[in-house]
2 protein chains.
Amino acid sequence: MARRSDHTREELKESVFNAAWTIVAEEGFEALTARRIAKAIGYAPGTIYNLYDSMDDLYLQMNSKTLDLLYDRLSLFARASSKDEAAQNMKKMALDYMHFADENRAFWLMLFNLKVTEHRSDAGWYHDKVERLFLPLEQLLTPFYGDSQIKERKIATRILWSSVHGLCFLQETDKLILMTNQSSIEEMVNILVETFLRGIA
Amino acid sequence: MARRSDHTREELKESVFNAAWTIVAEEGFEALTARRIAKAIGYAPGTIYNLYDSMDDLYLQMNSKTLDLLYDRLSLFARASSKDEAAQNMKKMALDYMHFADENRAFWLMLFNLKVTEHRSDAGWYHDKVERLFLPLEQLLTPFYGDSQIKERKIATRILWSSVHGLCFLQETDKLILMTNQSSIEEMVNILVETFLRGIA
DNA sequence: CACCATAATGAACGATGTTCAATATTTATC
DNA sequence: GATAAATATTGAACATCGTTCATTATGGTG
């Protein structure tokens with residue numbers, strides 16, 4: 001039996017989380033099971049349930065971290081001092097979203113594993129984190145709207161964000177296979193953003 | 001033991017399919033199990049495996065039907081005799097896509113259940129059915145492009161299709177909750193199409 | 001040292017998809 | 001019509017899953 005003085009409760013919870021993270025990173029989401037985690041940290045399966053309510057609870061925590069990482073990435077492009085720069089950064093941001101999805105495929109896909117969303121995510125802190133993802137883009141769209149058009153700007157933000165996401169999603173799940181030309185997906189993102197900005201001008 | 005002369009092999013396969021379809025329609029995707037189907041048609045679980053290679057095989061057949069139904073719906077708006085009518089029909093088509101997703105939520109969500117796509121879908125007939133979904137929209141976009149811009153038109157089709165899908169997906173998975181205003185999602189689809197068309201003009 | 005709170009355990013439960021020897025039914029042969 | 005071959009159907013069994021909880025091991029306290 002594992003000794004319990006080796007670590008605090010919080011440290012153990014963290015090591016469960018880290019083990020889970022590594023498993024998904026190295027072997028994909030399908031490999032993430034309670035017994036697999038227990039084996040990785042040298043504990044019994046039951047121990048995990050002393051720290052997390054359920055596996056869904058753990059998934060939710062992992063998604064939370066993924067959302068944080070994504071937010072941090074998108075935030076890097078949020079500042080712009082001119083309309084032109086804003087437009088350029090929007091393209092960079094959209095491209096970076098795709099790259100993030102590509103580099104962190106397993107974690108990104110977990111975000112859309114519906115069982116987790118059905119979990120009703122306690123109170124709404126999870127939804128708040130999702131909502132927060134819109135902010136960097138909304139900031140870039142500010143110069144394109146007047147002070148009295150806050151609602152229009154919010155709507156435009158969500159439309160463009162969803163559009164880029166849709167493109168990314170269909171691409172990443174192999175439903176967009178267009179030409180043999182590999183770069184065409186990045187070309188499409190650029191066209192999307194350019195067309196959208198031309199449309200709201 | 002169920003008598004085997006009650007039906008041909010093909011009829012039995014069909015009744016498995018229909019039972020599965022009903023279960024998903026009435027109880028959702030989570031309720032769809034081999035034993036549940038067997039119970040519904042009065043056969044043993046093993047029988048299903050005489051007709052389908054695996055449950056994934058069955059899922060794939062069900063997705064195939066969903067894709068057919070969706071294609072039929074979108075096709076209704078594919079014809080237009082003027083640029084204006086084409087633009088109007090594009091909005092109708094986009095809205096209808098959302099309504100389809102809403103009315104057939106469980107089946108529509110099954111399309112994006114990744115385990116199915118990972119199934120690598122024999123040879124490519126499945127991907128062909130996905131590709132076919134772009135055709136109605138591509139037809140409506142024809143008047144907006146010249147004969148020498150076939151590639152541009154194809155790309156635009158996929159961008160707009162993905163965008164509408166992205167909006168629909170985030171809406172249907174409760175990630176877009178904007179205002180209390182329920183109709184705003186339909187408003188967003190309209191704005192999306194209008195903005196896009198203005199952008200390519 | 002004895003006591004107690006609690007951390008850790010792992011067998012057990014009810015599910016899942018899937019397999020396959022055994023059995024029931026139909027068809028073919030004499 | 002009786003018997004043999006072919007085939008459809010079965011359902012117990014296997015490995016796996018998330019989850020529970022009585023039992024056991026551990027660490028701190030009086």
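Numbered from 1 within each chain, the chains take letters A, B, ... in sequence-line order. Remember, it's a predicted structure, so these values are computed and weren't measured experimentally.
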So what does A/Leu32 touch, heavy atoms closer than 4.0 Å: a base, only the sugar-phosphate, or nothing?
sugar-phosphate
Mind calculating the distance between CE (B/Met55) and P (D/dT16) to the nearest angstrom?
20 Å
Once you apply a heavy-atom cut-off of 4.0 Å, does A/Arg35 come out as touching a base, just sugar-phosphate, or nothing?
base
Going by the angle between their ring planes, with limits at 30° and 60°, are A/Trp21 and A/Phe107 parallel, tilted or perpendicular?
parallel
What's the closest nucleotide to the A/Ala44 side chain, out of C/dG10, D/dT10, D/dG18?
C/dG10
Between A/Arg73 (side chain) and A/Leu69 (backbone), is there a donor-acceptor pair under 3.5 Å?
no
Any carboxylate oxygen within less than 4.0 angstrom of a Lys/Arg side-chain nitrogen, looking at A/Glu14 and A/Arg9?
no
Within the 6.0 Å centroid threshold, strictly below: B/Tyr43 and B/His7
yes
Using a cut-off of strictly less than 4.0 Å, decide whether A/Thr33 has a side-chain nitrogen or oxygen near OP1 or OP2 of D/dC17.
yes
Along DNA chain C (nearest heavy atom to each residue), the more 5'-positioned of B/Asn50 and A/Gly42
A/Gly42
Please tell me which of A/Arg36 and A/Gly46 maps to the more 5' nucleotide of DNA chain D, matching each residue to the nucleotide holding its nearest heavy atom.
A/Arg36
Which of these nucleotides, D/dT19, C/dT18, C/dG17, is closest to any side-chain atom of B/Ser54?
C/dT18
Roughly, in whole Å, what's the span from NZ in A/Lys13 to P in C/dA8?
14 Å
So B/Leu58, base contact, sugar-phosphate only, or nothing? Heavy-atom distance under 4.0 Å.
nothing
